[in-house]
Amino acid sequence: MEEKMKYDINMEKMPAHIAIIMDGNGRWAKARFLPRTAGHKAGVETIRKIVKEANRLGIKYLTLYAFSTENWKRPKLEVDALMNLLVTYLRGEVSELDKNNVKINVVGDYKKLPEACVNELEKAMNITGDNTGVNLNLALNYGGRNDIKNAVVEIAAMCRDGKLNPEDITEDIIKNHLSTAEIPDPDLVIRTSGEQRLSNFLLWDVAYSEFYYTDIHWPDFDEEELQKAVYSYQNRDRRFGGVK
Ligand code: IPE
Ligand code: IPE
Ligand code: MG
């Protein structure tokens with residue numbers, strides 16, 4: 001393990017949850033005079049590498065923003081290509097992920113994805129459900145506002161049915177109704193490709209996350225870049241509103 005470590009990472013201080021906004025596939029492709037879909041294909045290779053590396057580093061939760069509630073605005077051809085890539089990735093990778101003890105989970109309204117995606121995702125969650133390695137959360141048809149909206153709808157229904165008093169609603173109750181209910185808040189959020197915005201990712205959950213931005217496009221992101229982000233995280237002073 002040691003020879004692959006370029007940054008002086010403290011294995012005792014690993015972030016428990018890293019969330020990544022995988023951005024820049026299109027720009028990576030454009031720079032190479034390739035169609036955007038070629039960038040997405042190359043991006044899948046990065047996912048393979050990063051999941052492995054996260055597992056090796058002992059990261060407990062890795063959340064990957066793969067498709068937002070706003071990404072439906074893209075041309076149908078690109079959306080279809082992304083959905084096909086998801087199916088191909090899951091079909092080709094689940095047994096390997098399972099062997100590596102990776103547990104697959106989905107956040108977002110994934111049931112509104114095409115049927116083939118829903119089937120492969122549910123298969124993947126069933127096969128890997130008992131694994132104890134890295135929890136790989138795929139954010140699909142995910143939007144932070146939509147996730148909060150869904151929680152509000154559920155909680156409002158509980159109040160209507162007399163199961164909960166509005167005065168008794170707590171922050172924990174809200175978190176428990178998000179699709180990220182089982183996932184601790186991210187310690188570190190990474191965004192590739194230079195954009196410094198959330199794009200509707202994990203709004204509720206990132207209240208005290210550390211942010212790391214890099215200009216590198218997602219297809220060029222690699223193990224070393226992940227280590228660099230973790231190293232940066234380990235040198236931050238997290239205060240959570242208190243004093244140190
Ligand atoms: C990220 O790359 C992948 C998805 C959003 C699915 P983009 O496709 O957003 O790439 P850019 O931002 O256009 O370069
Ligand atoms: C965010 O990237 C969504 C994903 C990475 C899946 P976008 O490329 O969609 O975000 P904007 O449009 O640049 O904000
Ligand atoms: Mg983008």
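Just so you know, these numbers use all the heavy atoms, side chains as well, and skip hydrogens, waters and symmetry mates. Note that ligands are numbered from 1 as they come in the structure, with each ligand's atoms numbered from 1 the same way.
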Answer yes or no: does an N/O atom from Asn71 fall short of 3.5 Å to an N/O atom of ligand 1?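 In fact, backbone or side chain, Asn71 has no N or O that close.
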Taking N or O atoms only and a 3.5 Å limit, does Leu82 qualify as a polar contact for ligand 1?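 No, there is no polar N/O contact under 3.5 Å.
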Determine whether any heavy atom of [X] lies closer than 4.0 Å to an atom of ligand 1.
X	answer
Glu195	no
Ser193	no
His40	yes

Would you list the atom pairs, donor with acceptor, under 3.5 Å between side chains in residues 157-164 and any protein atom, with sequence neighbours excluded?
none

Which bit of [X] is near ligand 1, meaning a heavy atom under 4.0 Å away: side chain, backbone, both or neither?
X	result
Glu70	neither
Arg36	side chain
Ala66	backbone

Would you say the side chains of Thr128 and Asp98 form a donor-acceptor pair under 3.5 Å?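 Distance-only check fails for Thr128 and Asp98.
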Decide whether an N or O pair under 3.5 Å exists between Asp23 and ligand 2.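 Yes, since at least one N or O of Asp23 sits under 3.5 Å from an N or O of ligand 2.
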Contact between Lys73 and ligand 2, counting heavy atoms under 4.0 Å?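 Distance cut 4.0 Å: Lys73 fails for ligand 2.
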Which heavy atom of the protein is the closest neighbour of atom 14 (O) of ligand 2, given with residue, atom name and distance?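 Scanning the protein heavy atoms, the shortest distance from atom 14 (O) of ligand 2 goes to Ser199 OG, 2.6 Å.
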Mark yes or no for whether Arg238, through its side chain, and Tyr208, through its backbone, hold a donor-acceptor pair below 3.5 Å.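 Side chain of Arg238 to backbone of Tyr208: a pair is present.
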Which atoms of ligand 1 are found less than 4.0 Å from any heavy atom of Asn25?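 Counting atoms of ligand 1 from 1, those under 4.0 Å from Asn25 are 1 (C), 2 (O), 3 (C), 7 (P), 10 (O), 14 (O).
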Check whether any N, O or S atom of Glu195, backbone or side chain, sits closer than 2.8 Å to the Mg ion (ligand 3).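 Glu195 does not place any N, O or S atom closer than 2.8 Å to the Mg ion (ligand 3).
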Going by the salt bridge (Lys or Arg N to Asp or Glu O under 4.0 Å) test, which pairs reach into residues 75-90, not counting sequence neighbours?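 As it turns out, the salt bridge (Lys or Arg N to Asp or Glu O under 4.0 Å) pairs with a partner in residues 75-90, which skip direct neighbours, are Arg36-Glu78, Arg74-Glu78, Lys76-Asp80.
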